[in-house]
Protein chains: 2
Amino acid sequence: MREARFYTTSADYVYQDLRHRIITKQLQPGQRLPEVNIAVQMGVSRTPVREALRRLASEGLVTIIPNSGARLACPSQKEMENAYVLREHLECLAIRLAAERISERQLRRLEDSVIEEERAFHERDLKLYLEVNENFHRTIAESSGNRILAEYVENILARTNVYIVFYDPFYDIDTNPSIPQHRAIIAALAERSPEKAEALMREHLRFSMEGLQLPKEPEEF
Amino acid sequence: MREARFYTTSADYVYQDLRHRIITKQLQPGQRLPEVNIAVQMGVSRTPVREALRRLASEGLVTIIPNSGARLACPSQKEMENAYVLREHLECLAIRLAAERISERQLRRLEDSVIEEERAFHERDLKLYLEVNENFHRTIAESSGNRILAEYVENILARTNVYIVFYDPFYDIDTNPSIPQHRAIIAALAERSPEKAEALMREHLRFSMEGLQLPKEPEEF
DNA sequence: GAATCGTTTGTTGTGTGCAACCTAACCGCG
DNA sequence: CGCGGTTAGGTTGCACACAACAAACGATTC
C-alpha cells in the first residue's frame, strides 16, 4: 500500500512508481505500457498515467508513438555508447567546476553517500545501490554551481542507470571497485584539484561502462 | 487560421503555437499561463494544453508549480550564463565528432541554411532567422552521429534562443557577423578539421552570448 | 492459395465535470 | 489603523466518457 499522501500529485506518484518498477526489473525493455493497465494497477485514472509516461519519455526511458502507445525503451548498443560518451563529458565538466567551489557541507553529503553505498553492497541491494550512486553523482553536479548542467547530468544519469538494470543483470557487487573510486574522487575534491578529480571521474565512468554486457545490435533499417 | 491538420495531435499544435508566440514576443517572461485562457484562444480543451505546458516545462521554457499553475520562464543572468556554458561544451563536442563523419548531403543542408539565413537578414525577419539558425546548429548536432547528444543540443538551443528573444530586443541584424561565421564553420567541416571547426564554433557562440543585454539579477534568497 | 478489403477490437486523443487547492480580497476585531 | 481569520473567486488535479485512430483478424474474390 502506498504511504498516505507522501507525493504531491498522483502523476508524480505514478512517475516514481514506474521508475521503481523499472529499477526492480518488474518491467522489461521494449515492453508495451498501455495506459489503462497501469491506471488500474495503481488505482488512478488514465490522466495522471499519461502525464507520467510523457515525463518518462522526455527522459528517454520510454518511447511514445502518437496514436499507438508507449513502450519501455529498448536501447541499442550504439545508443548506450552514445549516452556514456555524453555522460562522461557532462560529468567531467561538472566535476571540474565543482572542484573549485564545493562546500564542506556538500563534501560531507558525498561521504555520507559512500557510507550508504557500503551498506547497499553488504546487503546486496541493487536498488539501494543505484539510488545512492545516483545521489553521489547528483551531489557533484549540484556542486558545480550550474543548475542547468545539474539538470542535464541528472537526466543522462537516469538513462545510463536504467541501462545498467537492463543489461547488467549479474552485476558483481563484490568485485565492483565503485566505492574506492568514489572515495578517491571525494579526496580530489577535498583538495580542490580539478585535474585530478576529472581524471578520476573519467576513469570511474569508463570502468562502469565496460561492466555492461551489451546486447546484440537489434537496429537495422 | 491554422492549416488544416498539419499537426498529428492537438497537443503538438498547442506546443508549436506556444513556442511561436514566445518567439514572436506575444508572451512576456514570467507571465502567467492559465490553461483555460490558452485553451479557448486555440479552440481546444484544457487537456492538450496541459500536455503542451508540461512539455515546455521539461525544456525549461516554462515553470510549473503544482496546484498553482504555469508561468513563462524568467531566466536570471546567472541562468543564462550557465546555459551558454553548457551549450558551448555540448556544441563543441558535437562539431568535433561531426567534422569526422559529416556527409555531403548534410553539408549541402548547412549551405542551404545559410542561404535562407541571408534571406531572413535582408527581410529583417527575426523569427525566420531564429528558425534557420536553429536548423543550422541542429544539423551539425545530428551530423555528430550521436543521437542523444543531438537531443540535448536541441534542448539547450531552444532555451538559449528564447533568451535571445527575451533580452536582445534590438538585435542588430545588420552588423551581426553570424553569416560569415557560419560559412567559416561549414568550410572547416568540409575539410574535415575538428580543431578548426571547434575553435570557430566556440568563437561564434561566445560572440552571440555577448550580444545579450543581460537584465539585472532578480535572484536573491 | 494469395491478396485485398471490410470489420472488429483494443488503445489512444480529447472534451468535460467536479472536487481540491491556492490566492486574494474582505470584514471584523483588537 | 493594522492584523488575523474567513470567505469567495479562480485555477488546477483528476476521473470519466466519447470519439478517432491503428492494428489484427477474417471474409471474399481473383
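For the numbers below, each heavy atom of this structure counts, side chains included, while hydrogens, waters and symmetry mates do not. On a predicted model such as this, the values are computed, not experimentally measured, just so you know.
For the pair B:Arg119 and B:Glu116, the salt-bridge criterion is met [side-chain N within less than 4.0 Å of a carboxylate O]. Ion pairing between B:Arg147 and B:Glu151 fails under the 4.0 Å rule for side-chain N and carboxylate O. Contact check on B:Asp17 versus B:Arg21 returns a salt bridge, with a Lys/Arg side-chain nitrogen under 4.0 Å from an Asp/Glu carboxylate oxygen. At a threshold of 4.0 Å, the pair A:Glu51-B:Arg50 counts as salt-bridged, since one of the basic side-chain nitrogens sits closer than that to a carboxylate oxygen. The residues A:Arg206 and A:Glu88 are annotated as salt-bridged, a charged nitrogen and a carboxylate oxygen being separated by less than 4.0 angstrom.
Taking atom CD1 of B:Ile38 as the reference point, atom C1' of C:dT14 lies 17 Å away to the nearest angstrom. At whole-Å resolution of the value, CD in B:Glu35 and C1' in C:dT14 are 14 Å apart. For the pair B:Asn37 CG and D:dT11 P, the interatomic distance rounds to 6 Å; values are reported in whole Å. Separating the CZ atom of B:Arg71 from the C1' atom of C:dT23 is a distance of 12 Å, rounded to the nearest angstrom. Distance, B:Tyr13 OH to C:dG13 P: 19 Å, rounded to whole Å.
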N/O donor-acceptor pairs under 3.5 Å from side chains in residues 56-63 of chain B, not counting sequence neighbours:
unit_1  : atom_1 : unit_2  : atom_2 : d
B:Ser58 : OG     : B:Arg55 : O      : 2.8
B:Glu59 : OE1    : B:Tyr15 : OH     : 3.1
B:Glu59 : OE2    : B:Tyr15 : OH     : 2.6

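Within residues 61-69 of chain B, the residues approaching DNA chain D are B:Pro66, B:Asn67, B:Ser68, B:Gly69, by heavy-atom distance under 4.0 Å. Applying a 4.0 Å cut-off to non-hydrogen atoms, the residues of residues 45-57 of chain B that approach DNA chain D are B:Arg46, B:Arg50, B:Arg54, listed by residue number.
Tested against A:Leu90 for a side chain to side chain contact (heavy atoms under 4.5 Å, CB included), the candidates A:Ile156, A:Val85, A:Ile95, A:Leu157 yield a single pass: A:Ile156.
Within 6.0 Å of atom CZ in A:Arg138, more than 12 heavy atoms from other residues, nucleotides or ligands are found, so the atom counts as buried in its surroundings.
Dashed line: the shortest gap from a side-chain N or O of A:Ser10 to OP1 or OP2 of D:dC14 is under 4.0 Å.
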